[in-house]
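Throughout, residue positions are numbered sequentially from 1 according to the sequence presented. Since we're looking at a predicted model, the values are computed, not measured.
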Amino acid sequence: MAMAYSGGFNPEKLKQSLFRKADRTEKAVVEAVEQAAELIRDEARANVPVDTGNLESAIHISNRKTRRGNHAVDIEVSGTGEDGRDVASYAMEIHENYQSYNPGEKTQAKRAADPTHYVGEKYMERAVDEKKEEAVDLVRKAVRQAMR
């Protein structure tokens with residue numbers, strides 16, 4: 001971390017410089033974490049089986065404040081499907097037990113259209129595993145750039 005001062009040591013200038021770097025770093029980390037969440041969301045959408053499209057559209061990013069006032073970014077599978085029912089319990093069933101289902105036509109077509117992704121169970125877990133390193137690198141780079 002480099003800091004430049006003109007003149008003698010001035011604790012007030014040092015304090016201002018540190019606060020500026022902290023603010024810059026916090027903003028950069030928030031943006032990087034949101035980009036990382038988008039990577040994982042997009043990967044999960046590519047992995048999820050499709051029947052009506054409810055699960056694909058139900059995978060989304062949610063921003064919130066923690067009790068301590070920190071920014072949290074969640075990747076959720078929630079919402080109301082076309083038939084009016086909550087998607088969350090269905091999403092968990094498909095995530096954990098899809099191997100016991102027969103893939104429908106739309107899932108088969110999705111698999112054929114993109115052989116780089118396995119469309120099926122553990123779609124969220126596999127998305128996190130696949131994009132974890134890239135997501136962490138985004139945050140690392142954001143911190144390094146903000147500290148310059």
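- The pair Lys110-Glu56 counts as a salt bridge, with a side-chain nitrogen and a carboxylate oxygen less than 4.0 angstrom apart.
- Checking Ile61, Ile59, Val128 one by one against Ile40, the side-chain contact (heavy atoms from CB on, under 4.5 Å) holds for a single residue, Val128.
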Would you sort out whether Arg140 and Asp137 count as a salt bridge (Lys or Arg N to Asp or Glu O under 4.0 Å), showing the intermediate values? CA-CA 5 Å; Arg140 280 187 186 129; Asp137 283 344; 3.2 Å; yes
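- Atom CZ in Arg148 sits 10.5 Å away from atom NZ in Lys21 (nearest 0.5 Å).
- The line from CD of Glu38 to CD1 of Ile75 is 9.5 Å long, rounded to the nearest 0.5 Å.
- Residue Glu133 qualifies as open at atom CD: its count of foreign heavy atoms under 6.0 Å is 12 or below.
- At a threshold of 4.0 Å, the pair Arg126-Asp129 does not count as salt-bridged, since none of the basic side-chain nitrogens sits closer than that to a carboxylate oxygen.
- Annotation for Pro103 and Arg111: closest pair CG-NH1, 3.4 Å, computed over non-hydrogen atoms.
- Side chain of Tyr123 to backbone of Ala91: a donor-acceptor contact under 3.5 angstrom is found.
- Taken to the nearest 0.5 Å, the CZ atom of Arg41 stands 12.5 Å off from the OG atom of Ser62.
- Residue-environment remark: CG (Asn102) stays at or below the threshold of 12 foreign heavy atoms within 6.0 Å.
- A 6.0 Å sphere centred on CD of Gln108 holds more than 12 heavy atoms belonging to other residues, nucleotides or ligands.
- Taking hydrophobic clusters as Ile, Leu, Val, Met, Phe, Trp and Tyr residues chained together by side-chain heavy-atom distances below 4.5 Å, Val143 shares a cluster with Val73.
- Taken from CG in Leu138 to CD in Glu31, the straight-line distance is 11.5 Å, to the nearest 0.5 Å.
- The shortest distance between side-chain heavy atoms of His117 and Glu43 falls below 4.5 Å.
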Report the C-alpha separation of Glu34 and Asn63 in whole Å, then their side-chain angles, then the decisive distance to 0.1 Å, and conclude whether the side chain to side chain contact (heavy atoms under 4.5 Å, CB included) test is met. CA-CA 9 Å; Glu34 288 177 356; Asn63 290 290; 3.2 Å; yes
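- Each of Leu55, Asp51, Val77 was compared with Ile94 under the side-chain contact (heavy atoms from CB on, under 4.5 Å) criterion, and only Leu55 meets it.
- When atom types are taken as modelled, the side chain of Arg64 and the backbone of Ala72 share no donor-acceptor pair closer than 3.5 angstrom.
- Between His71 and Val29 the shortest side-chain heavy-atom distance does not fall below 4.5 Å.
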Test Tyr98 against Thr107 for side chain to side chain contact (heavy atoms under 4.5 Å, CB included), laying out the working first. CA-CA 11 Å; Tyr98 190 72; Thr107 295; 3.6 Å; yes
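- The distance from the CD atom of Gln145 to the NZ atom of Lys141 is 8.5 Å, given to the nearest 0.5 Å.
- Transitive grouping of hydrophobic side chains (ILVMFWY, heavy atoms separated by less than 4.5 Å) keeps Met124 and Val136 in distinct clusters.
- Here the CG-CD distance, from Asn47 to Glu121, works out to 10.0 Å after rounding to the nearest 0.5 Å.
- Formation of a donor-acceptor pair under 3.5 Å by the Lys122 side chain with backbone atoms of Asn97 is not found in this model.
- Under the 4.5 Å side-chain heavy-atom criterion for Ile, Leu, Val, Met, Phe, Trp and Tyr, Val50 and Met92 are members of distinct hydrophobic clusters.
- Distance alone, capped at 3.5 Å, is enough to place a donor-acceptor pair between the His60 side chain and the Ala58 backbone.
- Summarising the geometry of Ala127 relative to Ala44, their closest heavy-atom pair is CB-N, 3.4 Å, with the distance given to 0.1 Å.
- Taking all atoms of both residues into account, the shortest heavy-atom contact from Gly120 to Pro49 is O-CD, 3.6 Å.
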